[in-house]
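Note: hydrogens, waters and symmetry copies are ignored here, and every other heavy atom, side chains too, is used.
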Amino acid sequence: LCDNRFVRHDTSSSYSAFALDSTGRILYAEVTAPNSTSATPLNSTLWLADTSSMLTRTALLHLSTVAPLGWLSELRWTGTNSFTVLAQSGSVTLEQPPTCAFAWDTTWYGGGQVEEGTIANGQATLQPVAGTDNATGYALTDSGTSVIFTRLGSLQLWKVPVTGGTPAAV
């Protein structure tokens, strides 16, 4: 199947992460980049919207994607105004499926870090979970008190308290 989304000829947007809470609020990350065969995203924005009024949204956080960890993925609500997210590096690339003229796609790469987020006064702040450096994926476990994650270049699972600490092999 071909991608039939709206296309801008100068830039592309990728929605790299999203999470819906029980009240209908959606938290999502949008990355915008120039259209080229390989481009570093221009900016990354964390948005908050209500599913009853999706066109009204609040920009909670703007990240520089030139910095090492400007790409957000794997968003999870952890409370009314708290969430976890995986911060990584990323890019936008031109893919050429055999049946379509073109399709822009996004990739994230490299080890990142699990971060805890807090929303207050219309803004979000991120705090790294110590011990999750080089993370490539994660899940919350032990009723949300621990993070289990994978690391770049390793098949081993690691576990650390959500408050941070020394990771233990699982």
Side-chain angles (χ1 to χ4, degrees), residues 5-6 8 11-33 40-92 105-152 157-168 170:
R5 294 175 289 181
F6 171 75
R8 291 178 295 212
T11 58
S12 294
S13 288
S14 174
Y15 298 92
S16 59
F18 50 88
L20 181 66
D21 76 1
S22 61
T23 66
R25 293 183 313 157
I26 187 165
L27 185 62
Y28 64 97
E30 178 184 23
V31 180
T32 306
T40 300
L42 292 174
N43 57 40
S44 180
T45 305
L46 184 64
W47 296 97
L48 178 65
D50 191 296
T51 53
S52 66
S53 181
M54 287 295 292
L55 297 179
T56 304
R57 61 186 186 168
T58 302
L60 298 175
L61 180 66
H62 296 284
L63 296 171
S64 167
T65 55
V66 178
L69 301 177
W71 187 272
L72 301 178
S73 64
E74 301 186 38
L75 271 168
R76 291 175 178 85
W77 285 104
T78 57
T80 304
N81 290 307
S82 60
F83 60 93
T84 56
V85 65
L86 181 62
Q88 293 179 282
S89 299
S91 70
V92 176
D105 200 3
T106 53
T107 55
W108 49 89
Y109 54 89
Q113 189 164 25
V114 179
E115 306 213 1
E116 285 189 291
T118 304
I119 300 170
N121 301 318
Q123 295 183 324
T125 56
L126 297 177
Q127 193 70 11
V129 175
T132 62
D133 52 301
N134 288 316
T136 57
Y138 81 98
L140 298 175
T141 187
D142 300 330
S143 300
T145 62
S146 298
V147 177
I148 192 166
F149 63 100
T150 55
R151 280 191 161 150
L152 182 65
L157 286 176
W158 299 91
K159 185 176 180 181
V160 68
V162 77
T163 55
T166 302
V170 177

Side chain to side chain contact (heavy atoms under 4.5 Å, CB included) with [X]: which residues, sequence neighbours excluded?
| X | answer |
| --- | --- |
| Ser146 | Thr141, Asp142, Lys159 |
| Ala124 | Leu46, Leu60, Leu61, Phe83, Ile119 |
| Thr80 | Arg25 |

Search all heavy atoms of [X] against all heavy atoms of [Y] and return the closest pair with its distance.
| X | Y | value |
| --- | --- | --- |
| Gly122 | Thr58 | O-CG2, 4.1 Å |
| Gly79 | Ser82 | N-OG, 3.1 Å |
| Thr136 | Glu74 | O-OE2, 3.8 Å |
| Gln88 | Ser73 | OE1-OG, 3.4 Å |
| Leu75 | Ala19 | O-CB, 3.7 Å |
| Leu72 | Ala29 | CB-CB, 4.0 Å |

side-chain hydrogen bond (donor to acceptor under 3.5 Å, both in side chains) against [X], all qualifying residues, sequence neighbours excluded:
| X | value |
| --- | --- |
| Thr84 | Tyr138 |
| Ser53 | Thr56 |
| Ser143 | none |
| Thr118 | none |

Pairs flagged by salt bridge (Lys or Arg N to Asp or Glu O under 4.0 Å) wherever [range] is involved - sequence neighbours left out:
| range | answer |
| --- | --- |
| residues 120-129 | none |
| residues 117-132 | none |
| residues 50-59 | Glu30-Arg57 |

Within the structure provided, determine whether [X] and [Y] are in side-chain contact (heavy-atom separation under 4.5 Å).
| X | Y | answer |
| --- | --- | --- |
| Leu157 | Thr150 | yes |
| Thr166 | Val160 | no |
| Phe149 | Pro167 | yes |
| Val170 | Ile148 | yes |

*Relative to the ring of Trp47, is the ring of His62 parallel (under 30°), tilted (30 to 60°) or perpendicular (over 60°)?*
perpendicular
_Distance, nearest 0.5 Å, that separates OG1 of Thr132 from CD of Glu115_ = 7.5 Å
_For the CZ atom of Arg76 and the CG atom of Leu86, what is their distance to the nearest 0.5 Å?_
8.5 Å
_Check against side chain to side chain contact (heavy atoms under 4.5 Å, CB included), Leu48 and Ile26_ = CA-CA 6 Å; Leu48 178 65; Ile26 187 165; over 6 Å; no
_Residues which pass salt bridge (charged side-chain N to carboxylate O under 4.0 Å, His left out) with Asp133, listed by chain and number, not counting sequence neighbours_ = Arg151
*Under 3.5 Å, is there a donor-acceptor pair between the side chain of Asn121 and the main chain of Gln123?*
no
*Around atom CZ of Phe18, are there more than 12 heavy atoms of other residues, nucleotides or ligands at under 6.0 Å?*
no
